[in-house]
Structure formats: structure tokens, C-alpha cells
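Please read the structure below before turning to the comments.
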Amino acid sequence: MKNKLIEGYHSPQVAADVRLNTNESPYAPPPGFVDVLAEEVRRIAWNRYPDRGAAALREAVGAFHGVGSEHVFCANGSNEVIQSMLLAFAGPVGAAAVFIPTYQLHTHISNVTATPVITRSRLANFRLDMAEVEAACSEGPAVVFACSPNNPTGTVEDRADLARLVDLAPGLVLVDEAYGEFCQATVLAEAAASERLSVSRTFSKVWSLAALRLGYLVGAAALVTELERVALPYHLSAFAQAAGLAALRFPDEMRDRVARLVAERERLHAELSRRASVDVWPSGANFLLFRPHDGDGAGLWHRLLARSVLVRDCSGWPGLDGYLRVTVGTELEDDRFLEALDASV
Ligand SMILES: *Cc1c(COP(=O)(O)O)cnc(C)c1O
């Protein structure tokens, strides 16, 4: 029987010429990546189960961040990292805390794992409200979620706020850094040295590999051991492990793509800022949160789609009345978006 408590997570995949709705990279990974992977695929012993501990991949991810592999847990997207964390430490026996508006999957995966959710608000400027953080932490959550840069607002959390949050939290803190490479701020080094703070990252955005489904956590070795306990045996396929290793051989290309997107984000931000028709927020990620002056975000979403430009409609989310989120695309895609916007407001 269907569990009516759990509503699905929906980000509509509507056909459109310009798709700027799910924060994917507009750029493919380099051709060299596909060549290396094709070679590796030939070498896989397909009749055998993969390396259960994903040793080589964890080693390579660790080396990329300057930490030992015992601090790295790899999974099928950072969504599986979040799920593993909740299965291991929360579920029916411990709550999770979130500060909205933020990444909806923190709440959704909590619901799926029967984890009670403590929901508190952010400040009007979308920064963490430390009074709300204190209130949430006083309820004893087993896991506190933060997200920096925060999706969908783009807000880069203040370092001191995050440090204070870790002090206040009675249990674990997971900082979701899915967009970490798009800004300078990170608490990854602190996570490797901490018992309670951990960071999740993903190959989906900065590595241009949303199709792959690979993410990871950096945190205490003891935490990684607990996460391995709840992961299904052989959850990470030989193909995913090989693809992650192949991707990590092209870090300079990744940084080039990120630099181009950061420059394009700033251009798009400047373009939106000089329009009287919308308000736009600063962002440390590969997307921008904006709102039409008439407050009719849902209407604008439909008018943009009528011009074959798809953005994310956040206008119905609590705390985001009238807001839309646009992913930074190529210059050409962003110009198409701006043209459609000017014709729609
Ligand atoms: C896109 C995104 C992810 C990515 O999840 P994957 O399962 O790795 O694709 C994680 N966290 C946030 C905040 C995101 O926006």
C-alpha cells in the first residue's frame, strides 16, 4: 500500500529548448574523461562484485581534498550520503533539523527514513538566524543540516555562524557543499578533523556528471564506519567507481568550467540587477534566486516556459513567495533567458 505520508520529490522535467531548472552544468565533461572511462570499462571484471569498500575511489577523493581515505564515504549521489546519515543516526530514534528555505531533499529524505524534522526559519536575508538555530538545537536533533552555498537562495553561510551551529548542535552536523567549488568558502578541512562536523559534495554539478550519480562525505573516520554499516552491500557499482576515478584525472578542466560559470553568474547577476522588473539575490553557486516586482513568480514561470525557457518555480515554497531560481547556463542560454524575461514582465 502506498505510504500517504510521503509525497514524492518533484522537479518537473518539462521539454524546453533552454533548461535552467536543475542546476546542471551546461558543459559536458572533457572528451578525455570519456576516453579514459571507456578504457577502464574494458578492464572491469563484470562477472565479479565490485570493491565493496571502494578503496581506490576513496583514496583519490581523499587525495583531491588532502585527507586520508578513512575520512571519505562515497555513495550514489550526495542524496545517498544524506539517506545513509539519517539511517545510521536518526530515523525513528532521532530528529533532523533544517533551516528553511533550503534544499528540500533534506526534509524529504528525512520523511522517507521516518526521521522527525525540526523546521526553523532563516533571516529575511536568507542567512542563518542564530536564535532559530539555538531553538532547533535545544530540541536535541541527532542531525543538523546546513547548506552552503544554500540551495535555492545562493547564500554562502558565514564561517562564524557555522562554527557556532556546530557548538550548539547536540549531535552531528552535515554541511551540504554541493556547490562548494563555486565559492571560496568551505568547512571541509574542519570536517576531516572533527568528530561531529561532516561535509557532503557531489559529482553532479561542478564535475558535470549529474548522469553518473556519485557523491561523497568527508568527516570523522568513526562516522564513515557507521555509514558503511547502513549502506547496502556493493551499493557503489564498478562502473561508478571507475567513472569517479576517471573524472578525478581532470581537475584542471573542472576548475576551468567552474571559473567560466562563476564569471557568467556575475554577468547574469549584473544583467538582472539593472532590470527594474525583478529583484535578484547574490549567489555563491551556479544559480540565482530572483523575484518579479509584481510578485507573480508562478505566472512568470509559465510565460518563460511559453518561450521554451525552463527555470525552477520556488514561488510556492515557504519563505519564497513569488521567487524563481535560474541555473547559470552558457552565455547563449542565459541571453535566451534574459530575452524571454524581458518579453514576459
Ligand atoms: C543538486 C544538489 C545535490 C546533488 O545531489 P546528488 O544526489 O549528488 O545529485 C545535493 N545537495 C544540494 C543542496 C543540491 O542542490
Side-chain angles (χ1 to χ4, degrees), residues 8-13 19-26 29 54 57 61 72-87 96 98-110 112-113 122 126 128 143-157 162 173-183 185-188 191 198-218 227 231 235-237 240-241 243-244 247-248 254 258 261 265 281 283-289 311-312 314 317 320 323 325-329:
Y9 173 76
H10 296 293
S11 175
Q13 286 191 313
R19 284 166 48 189
L20 302 174
N21 65 323
T22 49
N23 301 340
E24 293 154 333
S25 175
L57 177 60
V61 169
V72 180
F73 172 73
C74 293
N76 294 283
S78 46
N79 285 184
E80 196 193 9
V81 171
I82 295 164
Q83 179 182 275
S84 304
M85 188 92 165
L86 293 168
L87 287 174
V98 301
F99 303 97
I100 60 167
T102 191
Y103 189 44
Q104 287 185 323
L105 279 165
H106 296 156
T107 294
H108 176 70
I109 300 171
S110 295
V112 170
T113 57
R122 288 167 178 272
F126 300 128
L128 282 176
V143 178
V144 177
F145 286 106
C147 189
S148 183
N150 185 43
N151 181 5
T153 62
T155 319
V156 179
E157 301 294 13
L162 285 177
V173 175
L174 179 61
V175 179
D176 187 331
E177 291 190 357
Y179 305 95
E181 307 281 347
F182 291 111
C183 68
T186 174
V187 291
L188 210 138
S198 55
V199 163
S200 62
R201 295 242 174 152
T202 177
F203 283 78
S204 297
K205 316 283 167 51
V206 295
W207 290 95
S208 296
L209 288 170
L212 175 58
R213 310 305 304 126
L214 185 62
Y216 58 91
L217 167 143
V218 172
L227 296 176
H235 66 129
L236 212 54
S237 74
Q241 295 182 37
L248 287 164
M254 179 275 279
V258 167
L261 287 170
R265 174 187 77 207
W281 286 81
S283 168
N286 67 337
F287 55 80
L288 293 168
L289 187 73
V311 299
R312 191 69 194 269
C314 308
W317 302 17
L320 288 178
Y323 279 98
R325 186 195 72 195
V326 60
T327 303
V328 177

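Computation of the quantities below employed the complete heavy-atom set of this structure, encompassing side-chain atoms and omitting hydrogens, waters and symmetry-equivalent molecules. Start at 1 and go down the list; that is how both ligands and their atoms are numbered.
Between Phe203 and ligand 1 there is no heavy-atom distance shorter than 4.0 Å. Within the structure, the closest approach of Glu80 to ligand 1 does not fall below 4.0 Å when heavy atoms are considered.
The side chain of Ala178, and not its backbone, has at least one atom closer than 4.0 Å to an atom of ligand 1 (non-hydrogen atoms only; side chain from C-beta on). At a heavy-atom distance under 4.0 Å, atoms from both the backbone and the side chain of Asn79 approach ligand 1. At a 4.0 Å heavy-atom cut-off, ligand 1 does not touch Ala210 at all.
With hydrogens and angles ignored, the 3.5 Å screen pairs a side-chain donor or acceptor of Arg122 with a backbone N or O of Pro101. In this structure a side-chain-to-backbone donor-acceptor pair under 3.5 Å is present from Thr202 to Ser204.
Annotation: atom 10 (C) of ligand 1 to nearest protein heavy atom, Ser78 OG, 3.2 Å.
Taking distance alone, with nitrogen or oxygen atoms compared against 3.5 Å, Asn23 stays at or beyond that limit from ligand 1. Taking any N or O of Asn76, backbone or side chain, none lies under 3.5 Å from an N or O belonging to ligand 1.
Between the side chains of Asn150 and Tyr103, no donor-acceptor pair of N or O atoms lies under 3.5 Å.
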Worked check of side-chain hydrogen bond (donor to acceptor under 3.5 Å, both in side chains) between Ser200 and Ser78: CA-CA 6 Å; Ser200 62; Ser78 46; 5.1 Å; no
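Residues Phe99 and Phe145 keep their aromatic ring centres 6.0 Å or farther apart.
The contact set between ligand 1 and Lys205, taken as ligand atoms under 4.0 Å from a residue heavy atom, comprises 1 (C), 2 (C), 3 (C), 4 (C), 14 (C), 15 (O).
Here the CG-CE distance, from Leu209 to Met254, works out to 10.5 Å after rounding to the nearest 0.5 Å.
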